[in-house]
J.: 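A single structure is presented below for examination.
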2 protein chains.
Amino acid sequence: METTWQDQLRTVGLRVTRPRLSVLQVLAERPHADADTIVGAARALHPSLSPQAVYGVLKALVAGGLARRIEPAGAPALFELRVGDNHHHLVCRSCGAVADVDCAVGAAPCLTPSDTAGFVVDEAEVVFWGLCHGCRVGTPGETAQVLQHDDRGGVRA
Amino acid sequence: METTWQDQLRTVGLRVTRPRLSVLQVLAERPHADADTIVGAARALHPSLSPQAVYGVLKALVAGGLARRIEPAGAPALFELRVGDNHHHLVCRSCGAVADVDCAVGAAPCLTPSDTAGFVVDEAEVVFWGLCHGCRVGTPGETAQVLQHDDRGGVRA
DNA sequence: TCCTTCTCTTGACTCGGTCAAAAATGCACG
DNA sequence: CGTGCATTTTTGACCGAGTCAAGAGAAGGA
């Protein structure tokens, strides 16, 4: 947040454009927005913005390392600006809300599986599934936009 | 594996049908197959099987707890029969190969995030990203069917 | 065996996202 | 402070994965 968006863009070799600045601002305000939400919000800043432009911008940002793409199973992809700080996510089964979690046990708890089966692991991605406070208390339908109720949850990892 | 597929199906209240037995057999042979692969393989056992039938069967199996659906980011969903034993997955960034991993540290290492942000967590899903032996050694293009090379990996969780 | 109910088939459709060509814009250079 | 080329955005077609719905067809209890 110290450096401006402009600087950040230039640093990774991207040109500074209105669509990009708009998307960056939207992402800064909404930490876990999906492409559609971003299009809607960014249009407030740049009315003629097309969905494809947003996809293009997001792809550029992710490729440049300014944004991260997360894909909770059964939901459209979400984007966030927190990158490189090794954190995971809590996802609400009911409303799809997402919260950041710093890595659970110490530094990198799950990075080393017991048996790597010949794989060389470079990243461990953790998603915690559950219910957010609102949905538990009974304010569903508020931010509600049910994600998936497929299998009977509870496997506990 | 003691009980027959038939028993398993009946146990969860599902009728025993040819499509279901075919899909179960395919899943038993290929532990992490996607819907498309299942359709192809199952047709060998039941030629008139339609893709939608497979989707229906898979949905029923997952709902009944006989199968589990996993969705690696950027790839079609995969299905497996190992359920209820709390294991995670290794996914190859290059060829999409998937291997099972028993939970890393002891029983449930990541189940309790440091700060739950008001969420009640019931499951922690872990995906280890990396390269499988074959792709590392240089046999890419073998099982190769590149998944996604989007962001420069290496965040290490 | 018959009948009810669940399941499969068939086909249309949705959603999230990509691809490609052409117009427009950023910005390095003179 | 213009000018020109490469990068971006626009516009619009397209694709894969999966869902939805109606009717034909089995499964299996009575």
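Each chain gets a letter, A, B and so on, in the order its sequence line appears, and its residues count up from 1. Hydrogens, waters and symmetry mates play no part in the numbers below; they use all other heavy atoms, side chains included.
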J.: Quick one: label B:Ala77 by what it contacts on the DNA or RNA (base, sugar-phosphate, nothing), any heavy atom closer than 4.0 Å.
T.: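 Sugar-phosphate, no base atom in range.
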J.: Quick check: are there more than 12 heavy atoms from other residues, nucleotides or ligands sitting under 6.0 Å from CZ of A:Arg30?
T.: no
J.: Could you tell me the separation between the CD atom of A:Glu71 and the C1' atom of C:dT18, rounded to a whole number of Å?
T.: 14 Å
J.: How about A:Leu24 and A:Leu9: do any of their side-chain heavy atoms sit closer than 4.5 Å?
T.: yes
J.: Classify every nucleotide of nucleotides 25-30 of chain C by which part a protein heavy atom approaches to under 4.0 Å, writing B for the base, S for the sugar-phosphate alone and - for neither, in 5'-to-3' order.
T.: -BS---
J.: Show your working on side chain to side chain contact (heavy atoms under 4.5 Å, CB included) between A:Glu71 and B:Glu71 and close with a plain yes or no.
T.: CA-CA 9 Å; A:Glu71 305 186 35; B:Glu71 305 186 36; over 6 Å; no
J.: Please report the interatomic distance CG(B:Asp102) to CZ(B:Arg82), rounded to the nearest 0.5 Å.
T.: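 Between atom CG of B:Asp102 and atom CZ of B:Arg82 there are 5.0 Å.
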J.: What are the residues of residues 48-55 of chain A, sorted by number, that bring a heavy atom to within less than 4.0 Å of DNA chain D?
T.: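 Heavy-atom contacts with DNA chain D come from A:Ser48, A:Leu49, A:Ser50, A:Gln52, A:Ala53.
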J.: Taking any atom under 4.0 angstrom from a heavy atom of chain A, which nucleotides of DNA chain D are the first and last to qualify, 5' to 3'?
T.: D:dA6 to D:dA13
J.: Closest-nucleotide mapping onto DNA chain D: is B:Asp36 or A:His46 further toward the 5' terminus? I mean the 5' end.
T.: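 Comparing both residues, the 5'-ward one is A:His46.
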J.: Any link between B:Val62 and B:Leu66 through a network of hydrophobic side chains (Ile, Leu, Val, Met, Phe, Trp, Tyr) touching at under 4.5 Å?
T.: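 Yes: a chain of side-chain contacts under 4.5 Å links B:Val62 to B:Leu66.
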J.: Distance check, rounded to the nearest 0.5 Å: B:Asp100 atom CG versus B:His89 atom NE2?
T.: 4.5 Å
J.: Linking I/L/V/M/F/W/Y whenever their side-chain heavy atoms sit closer than 4.5 Å, directly or via other members, would A:Leu14 and A:Ile38 fall into one cluster?
T.: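 Same cluster: A:Leu14 reaches A:Ile38 through Ile, Leu, Val, Met, Phe, Trp or Tyr contacts under 4.5 Å.
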J.: Round to the nearest Å and state the distance from B:Arg43 atom CZ to C:dC8 atom P.
T.: 14 Å
J.: Go through the side-chain N and O atoms of A:Gln25 and A:Trp5 and say whether any donor and acceptor fall under 3.5 Å apart.
T.: no
J.: Judged by each residue's nearest nucleotide on DNA chain D, which is more toward the 5′ side, B:Ala35 or A:Pro19?
T.: A:Pro19
J.: Between B:Leu21 and B:Val16, is a side chain to side chain contact (heavy atoms under 4.5 Å, CB included) present by the stated rule, with each step listed?
T.: CA-CA 7 Å; B:Leu21 292 174; B:Val16 176; 3.8 Å; yes
J.: Enter the distance from B:Ile70:CD1 to B:Phe79:CZ here, rounded to the nearest 0.5 Å.
T.: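 The CZ atom of B:Phe79 is 9.5 Å from CD1 of B:Ile70, to the nearest 0.5 Å.
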J.: Please report, rounded to the nearest Å, how far the C1' atom of C:dT18 is from the NZ atom of A:Lys59.
T.: 6 Å
J.: Are B:Leu27 and B:Leu58 packed together at the side-chain level, in the sense that at least one heavy-atom pair is separated by less than 4.5 angstrom?
T.: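 Sidechains of B:Leu58 and B:Leu27: in contact.
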